[in-house]
Q: 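For reference, the structure I am asking about is given below.
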Amino acid sequence: MAKAIAMEKDDSQLRQKQMIAEHFDRLAAAPDTGDKCAYTFVPGNLTELLRSFDVLPVLPEINALQAGMRGKSREYISIAEKLGHSEDVCTYVKCDMGMLKSGNIGPTGQRLPDPDLLLLSYTGCFTFMKWFEILGREYHCPVVMLHVPYQGDGAITDSMRDYVVEQLERKVIPMLEQVTGKSYDEDRLSECLAKSAKAEDDLVAVLESAKHTPSPIDAYFGGVYYIGPIFTAFRGTDEAIDYYKSLRSEVEQRLAAGKGPVTPAGEIEERYRIVVEGPPNWTNFREFWQMFAEEGAVVVASTYTKVGGVYDNGFRHDPSRPLETLAEYCMGCYTNLNMPSRAGMLAKYVTDYNADGFLINSIKSCNSFSAGQLLLLREVERRTGKPGGFIETDLVDPRYFSASNVKNRLESYFQMIEQKRSGG
Ligand code: SF4
């Protein structure tokens with residue numbers, strides 16, 4: 001059994017840490033500098049549009065997951081439950097509420113500024129609406145909602161695109177003009193979009209490196225670090241371009257050297273190639289990852305790394321059609337896809353990445369991901385002939401991470417793959 005070691009940090013990781021720290025410094029200083037900020041969500045975020053108005057994004061989901069990783073979420077959730085939020089509510093929401101009621105101290109220990117705007121891009125999860133209803137009552141600031149039509153039939157039609165563009169023109173942009181006192185500058189938006197597309201190219205190259213055997217990356221546990229800048233505050237910036245360029249070059253070096261990913265169990269020998277559906281657990285993130293690593297299981301593709309944009313299907317932000325491309329981006333996020341599309345995506349990953357099987361991490365409090373996952377399991381098994389596994393954890397509520405249960409299920413699952421291999 002491999003022994004846990006302190007994970008070495010690549011240049012790109014250090015760079016990412018610094019980018020995030022600087023972003024939180026700017027947010028903490030916003031009340032003095034006059035920088036405006038908008039609270040918004042990861043799926044369907046309009047970061048380039050915000051950046052074109054010099055508005056800083058704050059992502060409550062990211063703050064919640066960071067609180068989970070830092071061991072603060074139990075206390076925050078308990079505060080929210082005492083205030084009457086039910087046990088079944090998404091734990092990101094409760095964590096965010098508890099954080100707000102405890103002084104709104106963000107992940108770096110600095111106070112987050114109150115929002116100048118709540119920008120709600122509604123992409124597939126009803127909880128987003130309720131969450132911002134609550135924040136709207138707490139902060140008494142303007143709220144603008146972009147209603148993103150669900151891909152019920154598995155496709156984006158012209159009328160769906162027009163509907164989103166019209167809301168951007170008539171509601172979102174006028175609200176940003178009102179909050180910032182600046183006029184909409186389409187050239188500036190296009191510049192940001194061109195920068196996004198460059199970074200997106202490099203991100204896709206990194207994710208697709210996992211098609212090689214052995215994979216140089218872990219596309220779930222490692223993948224959550226790789227998507228950090230592009231899913232949060234940095235799309236459309238030079239920093240994002242530099243970060244993804246350097247990350248790609250590091251991954252290509254690992255690939256050339258035939259190396260596997262660096263994990264909490266050190267560099268491991270790849271024994272199982274797995275596709276994973278569902279968000280990770282954050283409260284026991286390293287322990288969870290280590291359970292995979294000790295078995296030699298490398299995640300070669302995951303759906304969670306597509307919640308803030310599905311780029312490996314060819315989508316890129318297009319600077320020549322600024323508002324249309326933003327509309328298509330919002331509608332294409334994973335949370336906005338119907339079940340057959342999700343099943344198709346998982347089955348394709350299993351085939352394209354030559355996986356031994358796929359595993360669903362079902363999140364107790366995330367209805368958006370969890371609804372229908374057992375059907376998904378059967379459907380992907382039927383389409384691929386590969387074994388599916390099912391485990392249950394939670395996002396940031398440590399009460400729902402049972403290490404022994406997860407470990408038992410994982411061990412049985414890997415045994416099942418072995419049996420399949422030997423024709424059993
Ligand atoms: S229910 Fe799931 S998708 Fe919705 S806000 Fe919570 S974690 Fe996000």
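Read the numbers this way: they start at 1 and go in the same order the structure lists the ligands and their atoms. Side-chain atoms are counted along with the backbone in the values below, which use heavy atoms only and exclude waters and symmetry mates.
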Q: Protein N/O/S atoms under 2.8 Å from atom 6 (Fe) of ligand 1: how many?
A: 1
Q: Decide whether a cation-pi geometry holds between Lys306 and Tyr334; the criteria are a distance under 6.0 Å from NZ or CZ to the six-membered ring centre and an angle within 45° of the ring axis.
A: no
Q: If the condition is salt bridge (charged side-chain N to carboxylate O under 4.0 Å, His left out), which residues does Asp218 pass it with, not counting sequence neighbours?
A: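 Asp218 satisfies salt bridge (charged side-chain N to carboxylate O under 4.0 Å, His left out) with no residue once adjacent residues are dropped.
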Q: Below 6.0 angstrom between ring centroids: does that apply to Phe401 and Phe288?
A: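 Here the rings of Phe288 and Phe401 have centres that are less than 6.0 Å from each other.
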Q: Are Phe41 and Phe128 an aromatic pair by the rule of ring centers under 6.0 Å?
A: yes
Q: Please report the C-alpha distance between Ser302 and Val275 in whole Å, then the side-chain angles of each, then the deciding distance to 0.1 Å, and finally whether the side-chain contact (heavy atoms from CB on, under 4.5 Å) criterion is met.
A: CA-CA 6 Å; Ser302 67; Val275 170; over 6 Å; no
Q: How about Asp394 and Thr91: does a side-chain donor come under 3.5 Å of a side-chain acceptor?
A: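 Judged by distance alone, the side chains do pair up.
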